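Here is the structure we will look at.
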Amino acid sequence: MIFKPQTFHGERPAVADESAVDASLEQRVADALATSEGIGAEMLKVVASGSEIFLFGDVGSRGEMDRAVEIVLAVAGVEKVTVRLRSDEAP
């Protein structure tokens, strides 16, 4: 096999730098989830975009989902939470 370097049609792709503010907020939210009672945070992913937090992953129950949102909203700087969590409980 012969591998050729990607050319991107003559231009290198632009890569947006992650905002230090977003990264800091993500870390604070992740830390709050990891150290709080009533939620297993090991299966959660936190993504910040400005003052909005996106939560992805799996939780054990609807109660854990509600608790996660409560914890995230208590973190300074968070104004909105978008939940993309799945629960093991039937709807």
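We number each residue from 1, following the sequence as shown. Because the structure is a prediction, the values reported are computed rather than measured.
- Under 3.5 Å, the side chains of Ser87 and Glu64 contain no donor-acceptor pair of N or O atoms.
- Under the 4.5 Å side-chain contact rule for hydrophobic residues, Met43 and Met65 do not share a cluster.
- At least one donor-acceptor pair under 3.5 Å links the side chain of Asp22 to the backbone N or O of Gly50.
- Side-chain contact between Val47 and Phe56 is present, with heavy atoms from C-beta onward closer than 4.5 Å.
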Intermediate values then yes/no, side-chain contact (heavy atoms from CB on, under 4.5 Å), Val46 and Leu25
CA-CA 9 Å; Val46 176; Leu25 185 57; over 6 Å; no
If you apply the rule side-chain contact (heavy atoms from CB on, under 4.5 Å), what do you find for Arg86 with Val59, and how did you get there?
CA-CA 6 Å; Arg86 292 180 302 250; Val59 292; over 6 Å; no
Stepwise, does the side-chain contact (heavy atoms from CB on, under 4.5 Å) test hold for Asp58 with Leu85?
CA-CA 5 Å; Asp58 299 308; Leu85 298 175; over 6 Å; no
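- A distance-only check finds no donor-acceptor pair linking the side chain of Glu79 to the backbone of Ser51 [under 3.5 Å].
- Side-chain contact between Arg67 and Ser36: present, with at least one pair of heavy atoms (C-beta onward) separated by less than 4.5 Å.
- By the 4.5 Å heavy-atom criterion applied to side chains, Ile53 and Thr82 are not counted as neighbours.
- With contacts defined as side-chain heavy-atom distances shorter than 4.5 Å, the pair Lys45/Leu55 does not qualify.
- Arg84 places no side-chain N or O within donor-acceptor distance of the main-chain N or O of Phe54, the cut-off being under 3.5 Å.
- Separating the CD atom in Glu37 from the CD1 atom in Ile71 is a distance of 9.5 Å, to the nearest 0.5 Å.
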